[in-house]
Amino acid sequence: MAFDYDLFVIGGGSGGVRAARIAASEHGARVGLAEESRLGGTCVIRGCVPKKLMIFASQARLMTEEMRGYGWEGAEAGAFDWSVFRAKLDAELSRLELVYRAGLTRAGVDIHDQRAVIADHHTVELADGTRKTARHILIAAGGRPSKIGIPGEELALVSDDLFVMDALPRRALLVGGGFIACEFATILAGLGVETVQVYRGDAVLRGFDREARDLATLQLSQIGVDLRLGTTPTRLDREGDKIRVRFEDGTDERFDTVLFATGRIPYTAGLGLENTEVRLKPNGAIEVDEWSQTCVPSIFAVGDVTDRVNLTPVAIREGHAFADTVFGARPRKVDHSLVASAVYLRPHEVASVGLTEEQARAKGPVDVYATQFRPMRSAFAGSDAKVMMKLLVDPCTDRVLGCHIFGPEAGEMIQLAAIPIGMGATKAQFDATIAVHPTAAEELVTMRVPTRRHAEIAG
Ligand code: NDP
């Protein structure tokens with residue numbers, strides 16, 4: 001059978017764009033791609049990129065505070081003008097979107113700026129009714145923010161909405177204690193918004209190393225976020241131009257804006273999957289094997305829609321590996337076991353690769369090399385903020401199992417630490433590396449003696 005395309009990609013985000021571009025430009029495939037929103041997807045349009053620019057915008061007050069400690073008497077951040085920032089942000093996102101479009105066009109990919117749904121194992125139907133056939137279909141539709149199912153929650157925003165606000169709220173409530181809630185609490189507080197964050201647990205960033213979580217929890221309060229642990233909203237009501245929020249403990253308060261950052265779900269609803277034999281996990285994610293192939297041989301899926309490790313660089317790697325495997329006769333799997341990540345808080349970021357202390361203890365004996373100290377730059381300015389560095393080492397093999405950093409630019413540091421750890425480096429090899437002085441990162445190669453040793457497997 002003659003197909004219109006060798007590959008049809010549904011979704012023009014990180015994973016879909018990479019797969020389409022590599023399949024077309026490097027492996028000569030005839031590729032079509034459909035995107036219902038803007039090219040670039042969550043990361044570029046309503047995620048990592050605008051978020052990080054907002055983090056930079058939000059740190060002015062912390063920076064001027066520090067500079068006052070260096071003798072810049074009277075240094076002030078001045079007034080933040082959201083409309084100026086927003087116009088620059090919009091322009092930057094439009095520029096990036098064009099870069100994505102140009103890259104696809106140069107590669108020879110046919111871009112369809114509309115929604116596509118699957119009609120059968122080799123056919124997609126576009127919103128305008130056109131049908132396209134393809135030897136392979138790649139689903140890279142991403143994820144969508146999810147709420148928690150309480151009355152009135154339609155009044156609340158999700159992270160997508162924050163990048164397109166007309167004005168900053170005076171008083172905001174953030175619900176959740178994950179990546180997005182903590183980053184946005186940092187941003188809003190930094191921009192001068194009175195920020196309340198509620199989280200049902202006892203320390204934010206579940207899944208990260210406990211010591212880093214405790215420091216992040218403390219930092220949120222120190223930068224002015226009114227962080228309330230162990231509670232959650234039960235109901236939202238509109239009251240004039242405010243939203244009245246009731247909490248579990250029976251109290252209630254009014255906010256200008258409420259934002260739910262309570263997780264994301266795979267965007268598979270309405271994709272036409274009922275017309276296929278593709279299997280879904282209970283949360284709606286597409287089930288794939290290690291080659292990103294569904295149980296239908298012609299249909300593959302990459303990125304957040306598969307709910308493996310929901311991070312942009314992972315989706316990109318999965319999309320690239322798929323294109324090389326299927327169109328380049330270069331079979332490649334993606335190793336999801338050792339993916340570094342960072343949460344962009346201020347002044348200190350949380351960054352991590354490998355096992356947490358809690359995970360390492362559950363697996364076997366572990367030596368913990370950890371240190372907390374006041375870094376030179378902020379300590380000189382009079383701040384008590386502490387940096388934390390931690391290496392987890394297998395006492396039998398001397399291999400470094402995990403690295404956790406809480407500090408300025410921790411995301412930059414963990415990227416480099418991830419290389420030796422991925423290569424199976426031992427603690428002795430870390431120690432053999434001569435320090436770069438004076439840096440905070442030198443602690444990673446100068447911690448000689450374990451801070452504690454866990455000889456027994458934790459129960
Ligand atoms: P997360 O899964 O990180 O956090 C969700 C938060 O919502 C958790 O604190 C969770 O609590 C809470 N929550 C979930 N359900 C409920 C409920 N019913 N009631 C009360 N609280 C609830 O999701 P995010 O939305 O923050 O981010 C989504 C994903 O986006 C991340 O997992 C990450 O993969 C990606 N991301 C990555 C970033 C980065 O790399 N820097 C930045 C932003 C997003 P609990 O912990 O108790 O379950």
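In listed order, ligands and their atoms are each counted from 1.
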Flag side-chain contact, heavy atom, 4.5 Å: E442 against V436
no
Please examine the side chains of E211 and H404, heavy atoms only from C-beta on, and report whether any two atoms are closer than 4.5 Å.
no
Does ligand 1 have an atom that lies less than 4.0 angstrom from a heavy atom of S341?
no
At the 4.0 Å heavy-atom cut-off, does G263 count as touching ligand 1?
yes
So, regarding G178 and ligand 1 (criterion: nitrogen or oxygen to nitrogen or oxygen, under 3.5 Å), is there a contact or not?
yes
Using a plain distance cutoff, I'd like to know if L311 has any nitrogen or oxygen under 3.5 Å from a nitrogen or oxygen of ligand 1.
no
Just by modelled atom types, is the A116 backbone N or O under 3.5 Å from a matching donor or acceptor in the E36 side chain?
no
Taking only heavy atoms of [X], which atoms of ligand 1 are found under 4.0 Å from at least one of them?
X: A342; answer: 39 (C), 40 (O), 41 (N)
X: K51; answer: 41 (N), 42 (C)
X: N310; answer: 33 (C), 34 (O), 35 (C)
X: R206; answer: 45 (P), 46 (O), 47 (O), 48 (O)
X: A261; answer: 5 (C), 6 (C), 7 (O), 25 (O)

Identity and distance of the protein heavy atom lying nearest [atom]:
atom: atom 29 (C) of ligand 1; answer: R264 CD, 4.0 Å
atom: atom 18 (N) of ligand 1; answer: I148 CG2, 3.3 Å
atom: atom 9 (O) of ligand 1; answer: G177 N, 2.8 Å
atom: atom 7 (O) of ligand 1; answer: T262 CA, 3.1 Å
atom: atom 20 (C) of ligand 1; answer: T232 OG1, 3.5 Å

Using the side chain to side chain contact (heavy atoms under 4.5 Å, CB included) criterion, which residues pair with A285? Sequence neighbours excluded.
P266, K281, N283, D307
F322 ring center near H136 ring center (under 6.0 Å):
no
Between F163 and F184, is the ring centre distance below 6.0 Å?
yes
[options]: member with heavy atom nearest to [atom]:
atom: atom 21 (N) of ligand 1; options: E248, E349, E183, R200; result: R200
atom: atom 26 (O) of ligand 1; options: I150, I180, L174; result: I180
atom: atom 37 (C) of ligand 1; options: F260, F184, Y344, F179; result: F179

In terms of relative ring orientation, are F80 and F85 parallel, tilted or perpendicular, with 30° and 60° separating the classes?
tilted
Do K51 and Y344 form a cation-pi contact, if we require the NZ or CZ to be under 6.0 Å from the six-membered ring centre and within 45 degrees of the ring's axis?
no
Hey, does the Lys NZ or Arg CZ of R144 hover above the aromatic six-ring of Y267, less than 6.0 Å from the centre and inside 45° of the axis?
yes
Do you know which of K242, R238, R244 makes salt bridge (charged side-chain N to carboxylate O under 4.0 Å, His left out) with D256?
K242
Just to verify, what does D166 make a salt bridge (Lys or Arg N to Asp or Glu O under 4.0 Å) with, not counting sequence neighbours?
none
